[in-house]
Every structure is written in structure tokens, then in C-alpha cells.
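Within every chain, numbering begins at 1; the chains are lettered A, B, ... in the order of the sequence lines, protein sequences first and strands thereafter.
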Number of protein chains: 2
Amino acid sequence: MDRKSQQRPLRADAERTVRAILEAAERVLSANPAATMEQIAEAAGVARTTVHRRFTSREALVDALTAWATRQFHEAVTSAHPDSAPPLVALYQATANVLRVKIGWGFAMSRTAPQDPEVARAHADVLDQCHRLFQRALDAGVLRPGTDLAWARRVYYALIHEAAQNRSDDADDVDELATLVVDTLLRGMGQPGSVLGPR
Amino acid sequence: MDRKSQQRPLRADAERTVRAILEAAERVLSANPAATMEQIAEAAGVARTTVHRRFTSREALVDALTAWATRQFHEAVTSAHPDSAPPLVALYQATANVLRVKIGWGFAMSRTAPQDPEVARAHADVLDQCHRLFQRALDAGVLRPGTDLAWARRVYYALIHEAAQNRSDDADDVDELATLVVDTLLRGMGQPGSVLGPR
DNA sequence: ACTACTTGCAACATCGATGTTGCACGTTCT
DNA sequence: AGAACGTGCAACATCGATGTTGCAAGTAGT
């Protein structure tokens with residue numbers, strides 16, 4: 001959890017409250033991004049004033065949420081070794097890892113990089129890693145020559161986003177979804193022999 | 001324009017004001033969905049009170065915007081003859097038509113079907129047409145046998161959404177984008193000969 | 001057990017957005 | 001030209017959300 005929002009160390013019960021608030025915020029805000037602090041507090045099972053005691057402002061709460069998710073996002077990509085593992089393996093691993101995070105932290109991850117420099121750096125770093133991975137995939141012949149890497153990346157992100165909507169807490173599901181995403185990204189849905197199919 | 005928001009016929013200048021407000025609302029809200037009526041009024045070049053005179057509430061304004069966009073969306077799909085034209089032709093036509101609408105009415109089209117029964121029907125109708133088209137594409141061998149049509153539709157929507165972000169008012173661009181979308185949907189970005197490529 | 005921390009509750013302050021009204025001035029339509 | 005309509009402006013009313021504070025009661029850590 002982010003320690004920037006709290007100057008002093010927290011007592012155990014307060015620590016639990018903070019977690020409860022962040023988890024409730026994710027749940028409530030993913031259903032309705034304009035939800036009030038009151039609704040978040042209620043979902044967390046605490047009084048509204050308590051939320052304000054733990055987070056200076058609504059913005060601070062959302063920022064903490066974003067920072068938390070961003071760190072997990074970064075870890076998910078980095079642990080797939082996108083710069084060293086074979087492109088296809090890394091692509092699959094990264095996909096599965098990111099899906100695991102994105103399911104359950106959809107709201108926090110949908111936030112675009114805020115002013116927090118650490119968060120912005122993490123986002124940029126992920127973007128770079130993704131770009132390098134796609135470049136390696138291109139060089140290795142996994143991607144068709146001439147592929148627009150920027151477009152490829154955006155399609156990839158979009159596919160992950162769509163796949164994450166099929167949320168289920170089943171662990172096996174993540175592997176199935178990752179397979180679906182990578183398969184769709186690389187092969188599309190057309191018939192090879194068809195008119196517009198691969199030449 | 002929607003006549004439901006106005007009981008009596010409008011004078012010519014008022015008609016122009018309504019259009020200006022709707023266009024400004026689209027522009028402003030697509031940049032910031034939480035924008036205030038004040039900002040919309042300013043962008044439309046009118047006083048805030050005028051906006052409230054033309055639209056009972058913020059909700060009414062957004063609804064009118066949604067209704068307007070939905071009608072164009074429906075027309076865009078229907079005019080591609082998705083039930084009679086060859087699947088590939090219809091797919092391309094529908095894509096290009098929808099892109100034309102979506103570029104410039106991105107906010108209004110991103111709204112999920114509201115309570116208005118007419119709008120809900122139009123959305124459902126588009127969904128049906130899309131599904132039937134995909135089914136025909138599957139039967140015609142354009143889509144790979146075994147393709148999950150629900151997943152295919154969602155990927156298709158997502159691709160259109162992404163393509164629409166490359167907004168430019170160039171008319172030729174729409175054809176290029178439509179080609180890109182259909183091509184990506186059917187062939188993906190992988191190399192045919194590669195490991196995970198088409199078998 | 002004692003201290004320090006944390007929480008709920010009630011009350012209050014503030015702020016921004018929404019929506020309304022009256023009036024004066026301009027515009028459209030006939 | 002004259003009636004009906006539309007708009008800008010200023011002022012007001014309301015409302016919900018945010019954020020703050022004091023206090024009493026409960027809980028964690030020693």
C-alpha cells in the first residue's frame with residue numbers, strides 16, 4: 001500500500017481500514033466512476049469521516065489507488081522478462097500477468113497517468129517495454145513485416161481490456177483468456193483460405 | 001435533431017442555437033465527460049441560461065446527444081445492407097460508415113443505451129444486425145469455423161473504437177481506417193508461417 | 001492496566017454545479 | 001411596423017458533495 005499518504009506508521013486496525021477503503025473504492029468506482037465518498041465509505045463498512053481521515057481528499061484516494069495498481073501493472077509486465085524471453089513466450093506471460101491484475105483493478109488501471117512522477121515513469125517504462133517486445137517480435141518474424149507497431153500496441157491493449165471484461169475469479173480462466181488474446185492478436189478471426197485472408 | 005426536447009416548433013435562430021449547443025457539447029464532453037454546463041455554453045458561444053432554456057436538464061442534453069448519435073449509428077449500419085450484401089462487402093461498408101459517424105461523435109456514441117425506448121431499440125437492432133452479419137460471414141467461410149461470435153463482435157467494436165481515435169477529418173482516411181480494421185480483425189498481425197500463425 | 005491511537009457520530013462550513021426568474025434588448029416572421 | 005419569440009445578464013434558490021472538528025466510546029500495543 002502507498003506509504004506516501006500516511007506520514008506516520010499506522011496501527012494494525014488502521015492499516016486494515018485503509019485496505020478496506022481502497023478495495024471498496026475499486027469496487028464502487030469501477031461500477032460508477034462518479035460515485036461519492038459516502039458510497040465508498042459505505043462499501044468499505046466505515047464512516048465517511050474515516051475515509052477523509054485516511055485520505056486528505058478524493059483525489060488523494062484515487063491517486064493512491066492508481067499508484068497501487070500501477071505498481072502491480074509494472075511488476076506484471078517486468079516479470080514476464082519482455083526483453084530477454086522469446087517474444088511469444090514473453091507476450092503470453094505478460095498478457096496473463098496483466099490480466100490477473102486488471103481483473104479486479106479495472107478502474108484503477110483505466111486511469112491515465114496522473115501528475116505523480118513515479119506513476120508516470122512506471123507507465124512510460126511499461127510502454128517502452130511493450131514497444132521493445134513488439135519490435136523483437138517483428139524481428140523474430142512473429143509479427144508480419146510492415147506491421148505498424150503503434151497500431152499493434154493499441155490493438156493489444158484493447159484486446160486485453162475486452163478480455164478482462166469476461167471477469168471471473170477462476171485462475172485457469174486467465175490462461176484461457178491470455179491464449180484468446182494472443183491468438184486473436186496474431187491470427188485474427190478470418191479463414192486463411194478466404195479472400196482477405198493471409199496471402 | 002430530436003423534437004422530443006421541444007414541444008413547439010422553433011424559430012430559425014433557435015434551431016441554430018440548439019445545433020451549436022449539441023455540437024459544442026459533443027466537443028467539450030468528449031474531452032472531459034464531467035464538463036460543466038458553463039463550459040458547454042461557453043464553447044457554444046451562448047449564455048448558460050440559454051442552454052437551460054433549450055434543455056430542461058443536463059440529462060436531457062446528454063440524452064438528446066445520445067439520441068442523435070444513435071440514429072446516425074443505426075443508419076450507418078443499416079445502409080451497409082448487412083443482411084443482403086456479401087458479408088465482406090457489408091463488413092467493410094458498415095465499418096467505414098460507422099467510423100464516419102464515430103469520428104466527431106465519439107462521446108455521444110460511447111454512452112450506453114439509456115432509458116429512452118427508441119434509443120434502446122436502435123441499439124438492440126444494431127446488435128442483431130451485427131450478429132446476423134457475423135453469422136453469415138461464418139457460414140460463408142470468411143470467419144474461421146469455431147469462432148466465438150460474441151468475442152468477435154466485441155473485438156470488432158474495440159477495433160473500431162481504436163481506429164476512431166486516429167481522428168482526422170480527411171474523407172480518404174475513413175477508407176484506410178476501415179481497411180485497417182477489417183484487415184486486423186480477419187488476419188490479425190501475426191506471420192502466417194510463424195509458430196502460432198494460422199495452421 | 002495504562003496510554004495512545006482509531007473510529008463513529010453529529011454538527012458545521014464551504015463550494016461548485018444546477019436550475020429558475022425577471023427584465024431589457026435584439027431578431028424573426030408576417 | 002408590430003407581435004411573438006429568443007438571448008444575454010444579473011440575481012437568486014437549491015442541492016449534493018467535500019472537507020473539518022469535537023467528543024465519547026472502543027481497541028491495539030506495551
Side-chain angles (χ1 to χ4, degrees), chain A residues 1-66 107 111 114-115, chain B residues 1-66 107 111 114-115:
Chain A
M1 216 98 327
D2 194 0
R3 278 304 172 287
K4 285 188 210 159
S5 16
Q6 301 101 31
Q7 306 77 335
R8 301 172 308 155
L10 290 179
R11 225 170 63 178
D13 51 353
E15 193 86 29
R16 258 169 306 183
T17 303
V18 170
R19 294 194 82 95
I21 292 173
L22 285 176
E23 284 165 14
E26 165 58 36
R27 257 179 292 134
V28 173
L29 291 176
S30 68
N32 170 24
T36 69
M37 300 293 264
E38 178 72 54
Q39 294 173 274
I40 295 171
E42 188 186 349
V46 299
R48 187 175 63 88
T49 45
T50 301
V51 178
H52 280 113
R53 280 206 196 85
R54 295 287 151 231
F55 301 93
T56 321
S57 66
R58 183 180 222 283
E59 199 189 354
L61 171 56
V62 173
D63 282 356
L65 208 56
T66 306
F107 169 79
R111 300 279 77 188
Q115 61 291 356
Chain B
M1 215 98 324
D2 195 359
R3 276 307 171 286
K4 283 187 208 158
S5 15
Q6 302 99 33
Q7 304 77 336
R8 301 171 310 153
L10 290 180
R11 226 170 61 179
D13 52 352
E15 194 86 29
R16 259 172 286 149
T17 303
V18 170
R19 293 193 84 93
I21 292 173
L22 284 176
E23 284 164 14
E26 164 58 36
R27 258 179 291 135
V28 174
L29 291 176
S30 67
N32 170 23
T36 70
M37 300 293 265
E38 178 72 52
Q39 293 172 275
I40 295 171
E42 188 186 350
V46 299
R48 187 174 62 88
T49 45
T50 300
V51 178
H52 280 112
R53 280 204 196 86
R54 295 287 149 233
F55 301 93
T56 321
S57 66
R58 184 179 221 282
E59 198 189 354
L61 170 56
V62 174
D63 282 356
L65 209 57
T66 305
F107 170 80
R111 299 281 77 187
Q115 61 290 357

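Among all heavy-atom pairs drawn from B:Ala20 and B:Ala44, the shortest one is O-CB, 3.7 Å. Of all heavy-atom pairs spanning B:Arg111 and B:Val62, the tightest one is CD-CG1, 3.9 Å. The minimum heavy-atom distance between A:Arg54 and A:Ala14, with the atom names listed, is NH2-CB, 3.8 Å. Minimum interatomic distance between B:Ile21 and B:Ile40 (heavy atoms only, all atoms of both residues): O-CG2, 4.2 Å.
For the pair A:Val28/A:Phe107, no side-chain contact is recorded, criterion being any heavy-atom separation below 4.5 Å from C-beta on.
The separation between B:Glu38 atom CD and D:dC9 atom P is 11 Å, rounded to whole Å. Whole-Å rounding puts the B:Glu42 CD to D:dC9 P distance at 12 Å.
B:Thr56 contributes no side-chain N or O that, together with a main-chain N or O of B:His52, makes up a donor-acceptor pair within less than 3.5 Å. For the pair A:Gln39 (side chain) and A:Thr36 (backbone), a donor-acceptor distance under 3.5 Å is present.
In this model, the phosphate group of D:dT7 is not approached by any side-chain N or O of B:Arg48 to a distance below 4.0 Å at OP1 or OP2.
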Show the distances under 3.5 angstrom between N or O atoms of the protein and N or O atoms of nucleotides 22-28 of chain D.
{"from": "D:dG22", "atom 1": "O6", "to": "A:Arg53", "atom 2": "NH2", "distance (Å)": "3.2"}
{"from": "D:dT27", "atom 1": "O2", "to": "A:Arg11", "atom 2": "NH1", "distance (Å)": "3.4"}
{"from": "D:dT27", "atom 1": "O2", "to": "A:Arg11", "atom 2": "NH2", "distance (Å)": "3.2"}
{"from": "D:dA28", "atom 1": "O4'", "to": "A:Arg11", "atom 2": "NE", "distance (Å)": "3.2"}
{"from": "D:dA28", "atom 1": "O4'", "to": "A:Arg11", "atom 2": "NH2", "distance (Å)": "3.4"}

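Atom CG of B:Leu22 is separated from atom CD of B:Glu26 by 10.0 Å, given to the nearest 0.5 angstrom.
Of all nucleotides in DNA chain C having an atom under 4.0 Å from a heavy atom of chain B, the first and last in 5' to 3' order are C:dA17 to C:dC29.
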